[in-house]
Amino acid sequence: MSELIAEIAVNAPLKQFFSYRVPEPLAEKVAVGMRVRVPFGRRTSVGFILSLGSGSAEGLKDIKDLLDEQPLLSAELLRLLRWAADYYCHPLGKVIRNALPAGLGSDKATTRILVEPVYRCLNAESRPRGSKQKELLDYITQQGQAGLAQVREKFAAPHAALKRLVELGCLEQAEQERQRDPFLLEELPQDKCLTLNSDQEKAVFEVSTAVDNARFKAFLLHGVTGSGKTEVYLRAVESCLQHQRQALVLVPEIALTPQLVARFRARFEAAGYKLAVLHSGLSDGERYDGWRLIKRGEVQIVIGARSAIFAPLDQLGLIVVDEEHETSYKQGEGFRYNARDLALVRGQQQDCPVLLGSATPSFATFYRSEHAAVQRLALDQRVHAGAMPKVELIDLRETPPEGVLANPLIEELQATLERREQALLLLNRRGFAPFLLCTDCGTSFHCPNCEITLTFHQRERLLRCHYCDYAEPPKEHCPKCQGLNIEPEGAGTERLEVEVAELFPGVRIARMDRDTTSRKGAHQKLVDQMVHRQIDILIGTQMIAKGHDFPGVNTVGVLGTDSLLNMPDFRAAERCFSLLTQVAGRAGRSSGGGKVFIQTYYPEHYALTCAAKQDYHEFYRQELPFRKELGYPPCGHLVNLVFVGNNLPQVKAEAEGMAQNLYRLAQDVEVLGPSPCPLARLRGKSRYQLLLKAIDRAALRRLVLVVEGLKNKLKNGVGLYTDVDPVDMF
Ligand code: ADP
Ligand code: ZN
């Protein structure tokens, strides 16, 4: 007998899908994309319906429940998720879960409950009995309606009483989406009515034409800092809205781009469009609300960080990826996807153009633009004042600094302060000092869980691991020689702050890094203070380089450049160039003629000389031959296999075992390693890696499938994760 069968991805770390019978009562309601509860092993599990068909149900278990009335995942979104699961070698059930706001991936209630009194039915038999029920009902009647959290604040353990009141018909449950908008309190800037310059005009024309045609096309908006890229995004989104389609705007980390969000809101909310903002600072409830709103089609524009690539937009007309070179588009753990790359896939699947913007495009994107897969749109001029900042490299071999700052930079800061202008100082390392050293015997202090020195944080008086958050107070004596001469070595932002305060007493100094911005709203406050010129010198990590428009900044100093260049990663030069160019771009945005100083021991390095000239093309021209010769991206493709376990020899043995198999089976793929990861111990686990490299993506893919097949042969609890297109080799 032929019956209805559902193919289901179970929320478990398993690659395969499972078939279940759809029992009669559910058959009418069931649809692809719904969540279900199914028996799985000895327990029940949540799963997602991938497809429905008919056939013999012999030996199949029944679906227990449907958890949704409407499909949670549209066919389009499911297609994207399946593609991603396959490409990144991650179980589909987990991928789906990752794409949904917390709460929806599980079987918890999907509606936020709100109770309202029902006036009509207060007849005798349905009158509440207990005094608690009465009090509750009185309270809610008085309020008109109340949310669960609100009730819980007033009454201890209100659940049973509420439930009874609902059963009696005195209260009604309603689903209500609370509009909690973290940006609501902010003042919106006045929307400026701008006349586009000719480069902007051309870019907008190209993208809008693609939007009109509702076809996939990829664009690189390559515009120097301050060239008006955001205005191009705004216009492109406008043309998308005119077609009654939705726009998705991805930004690296939204908490760090309040100015961009504000400009979108100023332009579109006034015109009556609805925006949803998704980012990591939201509570689960807020994220959930935003997701439901989008799902119901009530939102025209979604702005969000990485995971917003999975926003449930069915009428997508345009995807914008701002600062597309940013590494934060890649998720570093679990499901290791790259949202920028998925944007291109989604654009293809949903027939809409994708606009990637940057002043310093990733090599991957620029390479594609040279090979016609991506159309490059250039904005080569700054909008205001024209002139790009003047960049000077300070050779530390000639002017060795006493502290962190070299003399020419100190003098420039002095002059800046006298002119009543603002300055930015970038040092990409937080804390006071990267390590403490016993100057008698040379002992330094390491994290017990990770193979890395502990960073000294002076204000907290703690040694901290920047990978696993382990912390301990610094010791008075050296544990090895009992010596008392323990000194902080090197400098982080905290130390720089102290030094600057000593050099310039009375000057308003602030610091922006992970330590000072962990509280909600703290980052925003610093940005506001900068804009309103309540800070003279802002010190910070790479955070200060991101997209801000600080009109009063004419001076930028960059410190610790050499440690950027010397990261153990083939992309170190690219990252360094990109960061320097971005931070330099913060100078002189309104007046022109900004000045940038870069301190280094190696001013001849092409990443620095090119950054000094703000010359992306020259940097690309010099760097590409290295990549080509070694077959590294963008000229080749990489997959990193990372073996993780408790016991180092076992991890090594498993990695070697896999390597032996792969050496034998690899065709047109280089198998490099195994070798200990650059961070060979992390969070208490030992790690080995095996790097697969190929010019031909298909060949690499074939070998990756072989690895997937061998995964379950690993012994001794050694785990293996597959990082496709890794961006970070730690
Ligand atoms: P980018 O994102 O390329 O760094 P922005 O989009 O932030 O640059 O633009 C820099 C500044 O120039 C903003 O204050 C913006 O309002 C302004 N601007 C952009 N385009 C124009 C234009 N066509 N005319 C006048 N001002 C403009
Ligand atoms: Zn650690």
Side-chain angles (χ1 to χ4, degrees), residues 188-204 220-238 249 251-252 256-264 266-267 320-326 355-361 377-389 431 434-435 445-455 462-472 527 531 545-553 578 581-592 594 614 616 677 679-687 730:
L188 277 190
Q190 194 67 32
D191 185 30
K192 284 179 266 184
C193 186
L194 304 172
T195 316
L196 297 181
N197 63 34
S198 61
D199 287 345
Q200 286 174 317
E201 191 101 49
K202 173 165 189 314
V204 170
L220 164 60
L221 182 63
H222 189 181
V224 297
T225 50
S227 60
K229 292 185 290 294
T230 313
E231 187 60 31
V232 174
Y233 304 152
L234 289 163
R235 300 288 176 113
V237 166
E238 219 169 280
V249 181
V251 291
L256 303 183
T257 43
Q259 290 176 315
L260 180 128
V261 174
R263 278 167 74 183
F264 269 81
R267 175 84 38 106
V320 174
V321 184
D322 186 30
E323 308 288 359
E324 66 86 33
H325 63 279
E326 282 278 343
L355 177 58
L356 309 173
S358 176
T360 53
L377 306 166
L379 306 179
D380 291 328
Q381 302 296 324
R382 276 193 161 185
V383 171
H384 294 295
M388 293 299 285
F435 59 102
F445 300 85
H446 292 257
C447 174
N449 310 316
C450 310
E451 202 175 79
I452 194 162
T453 54
L454 294 166
T455 302
L462 279 179
L463 286 166
R464 276 190 179 284
C465 172
H466 283 186
Y467 284 88
C468 74
D469 259 350
Y470 169 87
E472 64 178 39
V527 171
V531 170
K546 311 285 167 184
H548 305 304
D549 200 355
F550 298 136
V553 171
S578 171
T581 309
Q582 296 282 344
V583 74
R586 301 306 119 213
R589 281 172 75 94
S590 61
S591 63
Q614 310 261 304
Y616 179 88
C677 295
L679 264 171
R681 245 166 76 77
L682 187 63
R683 297 185 187 99
K685 303 273 187 195
S686 297
R687 304 155 82 238
F730 294 119

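Whatever order the structure lists ligands and atoms in, that order sets their numbers, starting from 1.
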CD-OG distance between Q582 and S358, expressed to the nearest 0.5 angstrom: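 One gets 5.5 Å once the value is rounded to the nearest 0.5 Å.
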Any N/O/S atom, side chain or main chain, of H466 closer to the Zn ion (ligand 2) than 2.8 Å?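 So H466 does not bind the Zn ion (ligand 2) by this criterion.
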Atoms of ligand 1, numbered as shown, that sit under 4.0 Å from any heavy atom of [X]:
X: L196; result: 23 (N)
X: T230; result: 2 (O), 5 (P), 6 (O), 7 (O)
X: G228; result: 1 (P), 3 (O), 5 (P), 6 (O), 8 (O), 9 (O), 19 (C)
X: K229; result: 1 (P), 2 (O), 3 (O), 4 (O), 6 (O), 8 (O)

If you take the centroid of each ring, where Trp contributes its six-membered ring, are H222 and Y616 closer together than 6.0 Å?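 Centroid distance Y616-H222: below 6.0 Å, so yes.
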Can an N or O of T195 be found at a distance shorter than 3.5 Å from an N or O of ligand 1?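 Yes, T195 has an N/O under 3.5 Å of an N/O on ligand 1.
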Please check whether L194 reaches ligand 1 - meaning an N/O of the residue sits under 3.5 Å from an N/O of the ligand, judged on distance alone.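 For ligand 1, there is no N or O atom that lies under 3.5 Å from one belonging to L194.
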What's the shortest heavy-atom distance between T360 and S578, and which atoms?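 Closest heavy-atom pair between T360 and S578: OG1-OG, 3.1 Å.
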Heavy-atom pair of closest approach, residues T453 and P434: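 The answer is OG1-O, 3.4 Å.
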Looking only at heavy atoms of Q259, does any of them come nearer than 4.0 Å to an atom of ligand 1?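 So Q259 does not count as touching ligand 1.
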If you stand at the Zn ion (ligand 2) and look out to SG of C465 and SG of C468, what angle do those two lines make, to 10°?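 Angle SG(C465)-the Zn ion (ligand 2)-SG(C468): 110°, rounded to 10°.
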Is it the case that the side chain of R687 and the backbone of A680 share a donor-acceptor pair, with hydrogens and angles ignored and the cut-off at 3.5 Å?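 Between the backbone of A680 and the side chain of R687 there is no qualifying donor-acceptor contact (under 3.5 Å).
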